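One structure below.
Both counts, for ligands and for their atoms, begin at 1 and track the order of listing. Bear in mind the structure is a predicted one, so any value in this text is a computation, not a measurement.
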Amino acid sequence: MKQTTSYTCTVCGAAYRKWAGKCDACGGWNTIVEEAPLSTGPKSLGAKGRPIPLSDLATEEAPPPRASSGIAELDRVLGGGLVPASAILVGGDPGIGKSTLLLQAAASFARKGLKCLYISGEEASAQVRMRAQRLGLTDAPVGLGAETNLRDILTTLDAERPALAIIDSIQTMWLDSVEAAPGSVSQVRAAAHELVSFAKRRGVAVILVGHVTKEGQIAGPRVVEHMVDTVLYFEGERGHQFRILRAVKNRFGPADEIGVFEMTGGGLAEVPNPSALFLANRDQPAPGSAVFSGIEGTRPVLTEIQALVAPSTLASPRRTVVGLDSGRVSTILAVLEARCGIPFAGLDVFLNVAGGLRVNEPAADLAVAGALLSAREDVAMPPDMVLFGEISLSGALRPVGQTENRLKEASKLGFSQATVPSQSKIEGASGLTVRQMPDLTAFVGEMFGAG
Ligand code: TYD
Ligand code: MG
């Protein structure tokens, strides 16, 4: 039998016959590594399989009861609690706080009477116990194991039958039946597959922790994303205390839901009112700042967009964007230049979302434009104003969804005026003075003089 070596991208899992410097599937450089072939049985489909049982679509079964963790921010991101027998991936940069969050979650579930196992492949039991002590969780009846051999772990799970098993992390797990190093794509894929099918077969919910590394050295959890029901990403800046748990995929709830936490000396604390937190450190009205009333998942969240515009010494000026889509920012800069005659050539532009949140909504366009203009003109926006609206390539402002929720949240936080696109659906009083703008040129004229 001819053994062909195969090559796999460690980031996205794409398979290749030959090595290449660049992965065509995800665009990553130097991410393709050689993988030992998976040992497979006979390839022929001539042999007959078993017929699978079929049923119709009608069901009398009630939806499975969800288990609440008692951590409201976590429950929300899960879509209202943990679904039995579901598989969840929690991804994030190393050191961001995944182990901390999941140990707290395990303790919280266990205190509510759910049988929980926490299997660490990265830390010794003593280390995890020390962390538990620091977090004040030692009284919670969590079963703790330190192991990387998946065969032994599955045997243990089968015997213990917990309601929830946390595997920290999937990259450290290995199966002796797979001839590849732990952390390689083959191992991660095989280990995740075993755990997910075990979850479904035995009715055990599993949470897999996955590190994301920018270098793509360790197989990214991307290969696991397709196998699980729910994918959560734990984000934040290491130097910042805020952490955001974001659902990017959820078969049992809305995607794009976020939970906000604060990393403290005693572990992760919930932040029930993120808007207040993200706007907390706003001092005097300053040029370059605009407040965006956004929607994250099912709730409105106010954030401050900050811009700095300065003369550049570079031939191609800097465009440094943190927390926003840089392509969108380029588009807004181009529209300002082409439709409003406000050039940014020769100017360095820095944009940032305060507090470390990532804003993906096109509704943020108007606030981004406001922050950019305010920075460029060195004129502060009214500090009690929120902005939202999508900017089209023609320079027109397009109304966005959930106008009322956005206005209500702003009013609740003490804002008194809003600038929004014309034709925004405004029913009922929000308590705000709402200014409606047809296009960007009108906005520039109103806010910053004739432009
Ligand atoms: P950890 O949960 O180990 O991260 P991950 O599992 O994602 O790699 O978190 C590590 C960081 O969190 C570490 O730098 C210390 C910090 N930390 C606190 O600030 N407070 C705490 O109570 C704990 C347990 C950790
Ligand atoms: Mg960890």
Go through the side-chain N and O atoms of [X] and [Y] and say whether any donor and acceptor fall under 3.5 Å apart.
X: S169; Y: E122; value: yes
X: E257; Y: N250; value: no
X: S99; Y: D168; value: yes
X: S289; Y: E304; value: yes

Compute both the distance and the angle, then confirm whether R376 meets the cation-pi test with F344: under 6.0 Å from the six-membered ring centre, within 45 degrees of the axis.
yes
For a distance under 2.8 Å, tell me if T100 has an N/O/S atom near the Mg ion (ligand 2).
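Given the 2.8 Å cut-off, T100 does not count as a ligand of the Mg ion (ligand 2).
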What do you reckon, is CZ of R318 surrounded by more than 12 foreign heavy atoms closer than 6.0 Å?
no
For L393, is the CG atom crowded, meaning more than 12 foreign heavy atoms sit under 6.0 Å from it?
no
Applying a strict 4.0 Å limit to heavy atoms, is G267 in contact with ligand 1?
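Distance cut 4.0 Å: G267 passes for ligand 1.
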Residue-level breakdown please: for [X] versus ligand 1, do any non-hydrogen atoms fall below 4.0 Å on the side chain, on the backbone, on both, or on neither?
X: D93; result: backbone
X: S99; result: both
X: K98; result: both
X: T264; result: backbone

For [X], counting its heavy atoms only, list the atoms of ligand 1 lying under 4.0 Å from any of them.
X: P94; result: 8 (O)
X: G265; result: 20 (N), 21 (C), 22 (O)
X: L135; result: 22 (O), 24 (C)

For [Y], is there an ion pair with [X] - N to carboxylate O distance below 4.0 angstrom?
X: D139; Y: R111; result: yes
X: R201; Y: E194; result: no
X: R246; Y: E235; result: yes

Hey, is atom 11 (C) of ligand 1 touched by any protein heavy atom at less than 4.0 Å?
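Yes, there is a protein heavy atom closer to it than 4.0 Å.
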Does atom 21 (C) of ligand 1 have any protein heavy atom closer than 4.0 Å?
yes
Tell me, which protein residue and heavy-atom name are nearest [atom], and how many Å apart are they?
atom: atom 18 (C) of ligand 1; result: M263 SD, 3.5 Å
atom: atom 2 (O) of ligand 1; result: T100 OG1, 2.6 Å
atom: atom 23 (C) of ligand 1; result: R134 NH2, 3.4 Å
atom: atom 4 (O) of ligand 1; result: G97 N, 3.0 Å
atom: atom 3 (O) of ligand 1; result: R131 NH2, 3.0 Å

N/O donor-acceptor pair under 3.5 Å between Y16 side chain and C9 backbone
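Judged by distance alone, no pair lies under 3.5 Å.
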Does R161 use its side chain to pair, donor to acceptor, with the backbone of K115 at less than 3.5 Å?
no
Check whether any N or O atom of [X], backbone or side chain, sits under 3.5 Å from an N or O atom of ligand 1, and answer yes or no.
X: G95; result: yes
X: H211; result: no
X: L101; result: no

